[in-house]
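First the structure, in the form of structure tokens, and then the observations on it.
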Amino acid sequence: GTGGVAGLLCAHGIAVAPGSQDAYIAGSYGGSIARFRRNGSTWNFVQTIQGGDGVTGLSGIRDLAVTSDGKQLIGVAATANTAVVFDRDEITGALSFRQALSLGSNQRPMSLALSPDDAHVYVVAQNSSTVHVLARVRDDSPAAGSLRRIGSITNGSGGVSKMQWPRDVAVSANGEHVYVAAESGDSLVAFTRYGNAGNSNFGLLEPLETRTDEVDGVRGIASPYAVMVSPDGENIYIAGFDSDAIASFSIGGASTCSASGTGNLIDTVRIRAGGAVNYTINSTIRPDAEGTLTNTVAVNLPAAGSTAA
């Protein structure tokens, strides 16, 4: 409303294109997207994209993301119950409307996350407590660049619980997992993602684990509003609105041990908090061998020295 800037009423999501030259901000109340371009250290307002002239599905626009190749901007609109797609000019940053995909009535999509390979978009819908799985059409057909629904997973079905009113979603850097912050469930819900492009389940999700506030020592995630994964994929951070806190989780999958060895085996095994390592030794012992086979484990505690077993 000042300096000619428009389209920021009740601003929510922001997406910065590769190269950090263009930024796009979702103005939820105005059903608009404000575009800015960087000039040195200054961001200059360029234009506002709103409904009309063929553009639809922006009512209550909530979150935005730019594909890693910079060719598209994708958003979700809470009031319109849509996922919207714009083609993006990689040089100028200008947007051209492509699609508004309906996610169904009374969904209220709140957030989206792209898989690292840009093959899928994961959308959390608050009213239905659902994660929608959308595939991007990436062939040479006229539909290339559009989205299509390939599946969904809803709280209370398929082994999923505590995912009431999902608020935010994130995908791990390696594309193997999807994490959901469930506002009313006071929980972080983790899924395994099918990552084999040759499999018919490519992109779909399977429940993995749920961590809930004030359960099993978890604290700080009451009414979580946001979730993110560290770039190295080893930690998850979740903002608990009612906890006035940011909680961190170590990802158990980061536990490691050596693949093989010969002779006397001395190996350092790294076990993340909450993780596990199954250590299996396959060996051949000569019939005439003598002696004793021993297995000694020393556990180094981060704050209190070591314990042997």
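All values below come from the heavy atoms of this structure, side chains included, with hydrogens, waters and symmetry mates left out. Residues: numbered from 1 along the sequence shown. Predicted, not measured: the structure shown is a model, and the values here were computed from it.
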For Arg219, is the CZ atom crowded, meaning more than 12 foreign heavy atoms sit under 6.0 Å from it?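 Atom CZ in Arg219 is not crowded, with 12 or fewer foreign heavy atoms closer than 6.0 Å.
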Is the number of heavy atoms from other residues, nucleotides or ligands under 6.0 Å of Asn199 CG greater than 12?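 Result for CG/Asn199: enclosed.
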N/O donor-acceptor pair under 3.5 Å between [X] side chain and [Y] backbone:
X: Ser129; Y: Trp165; value: yes
X: Asn155; Y: Lys162; value: yes
X: Ser187; Y: Gly185; value: yes
X: Tyr24; Y: Leu95; value: no
X: Tyr225; Y: Ala181; value: no

Nearest heavy-atom pair of [X] and [Y]: which atoms, and what distance?
X: Ala170; Y: Val229; answer: CB-CG2, 4.2 Å
X: Ser243; Y: Gly220; answer: OG-C, 3.3 Å
X: Ser172; Y: Tyr179; answer: CB-CE1, 4.2 Å
X: Ala34; Y: Phe45; answer: CB-CE1, 4.2 Å
X: Ala144; Y: Asp139; answer: CB-O, 3.1 Å
X: Pro166; Y: Val180; answer: CB-CG1, 3.6 Å

Identify, with sequence neighbours excluded, every residue that meets side chain to side chain contact (heavy atoms under 4.5 Å, CB included) alongside Ala15. Leu64, Val66, Leu73
With heavy-atom distances below 4.5 Å as the criterion, would you say the side chains of [X] and [Y] are in contact?
X: Pro224; Y: Arg167; value: no
X: Asp213; Y: Asp242; value: no
X: His177; Y: Leu208; value: yes
X: Arg211; Y: Phe249; value: yes
X: Thr67; Y: Ile74; value: yes
X: Leu8; Y: Phe36; value: yes
X: Gln107; Y: Gln126; value: no
X: Tyr194; Y: Leu205; value: no

Is the distance from the ring center of Phe97 to that of Phe86 below 6.0 Å?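 Ring-ring flag for Phe97/Phe86: true, centres closer than 6.0 Å.
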Can [X] and [Y] be counted as having a side-chain donor-acceptor contact under 3.5 angstrom?
X: Asp186; Y: Thr212; result: no
X: Asp63; Y: Ser111; result: yes
X: Gln72; Y: Asp87; result: yes
X: Thr154; Y: Thr130; result: yes
X: Ser223; Y: Glu183; result: no

First locate atom [atom1] of [X], then atom [atom2] of [Y], and finally report the distance between them rounded to the nearest 0.5 Å.
X: Leu134; Y: Ser115; atom1: CG; atom2: OG; value: 11.0 Å
X: Thr82; Y: Leu101; atom1: OG1; atom2: CG; value: 8.0 Å
X: Arg108; Y: Leu103; atom1: CZ; atom2: CG; value: 13.5 Å
X: Ser68; Y: Asp118; atom1: OG; atom2: CG; value: 3.5 Å
X: Asp89; Y: Ile91; atom1: CG; atom2: CD1; value: 6.0 Å
X: His12; Y: Leu9; atom1: NE2; atom2: CG; value: 9.5 Å

Stepwise, does the side chain to side chain contact (heavy atoms under 4.5 Å, CB included) test hold for Asp22 with Arg37? CA-CA 5 Å; Asp22 297 287; Arg37 169 148 280 214; 2.7 Å; yes
Verdict with supporting geometry, His132 and Ile153, side chain to side chain contact (heavy atoms under 4.5 Å, CB included): CA-CA 7 Å; His132 294 281; Ile153 191 162; over 6 Å; no
Step by step, work out the side chain to side chain donor-acceptor pair (under 3.5 Å) result for Asn235 and Ser248. CA-CA 7 Å; Asn235 295 281; Ser248 64; 5.7 Å; no
Same cluster for [X] and [Y] if Ile/Leu/Val/Met/Phe/Trp/Tyr side chains link at under 4.5 Å?
X: Val178; Y: Met163; result: yes
X: Val189; Y: Val131; result: yes
X: Leu188; Y: Val218; result: yes
X: Leu147; Y: Val84; result: no
X: Val171; Y: Val124; result: yes

Verdict with reasoning, Val227 to Ile236, per side chain to side chain contact (heavy atoms under 4.5 Å, CB included): CA-CA 7 Å; Val227 61; Ile236 304 168; 3.6 Å; yes
Salt-bridge contact Arg136-Asp117 (side-chain N to carboxylate O under 4.0 Å):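 Judged by the 4.0 Å cut-off on N to carboxylate O distance, Arg136 and Asp117 do not form a salt bridge.
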So does Arg88 pair up with Glu90, basic N to acidic O under 4.0 Å?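 Looking at Arg88 and Glu90, the cut-off is not met.
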Show me the side-chain donor-acceptor pairs of residues 47-59 shorter than 3.5 Å, one per line, residues at least two apart or across chains.
from  : atom 1 : to    : atom 2 : distance (Å)
Gln47 : OE1    : Arg35 : NE     : 3.0
Gln47 : OE1    : Arg35 : NH2    : 3.0
Thr48 : OG1    : Ala6  : O      : 3.0

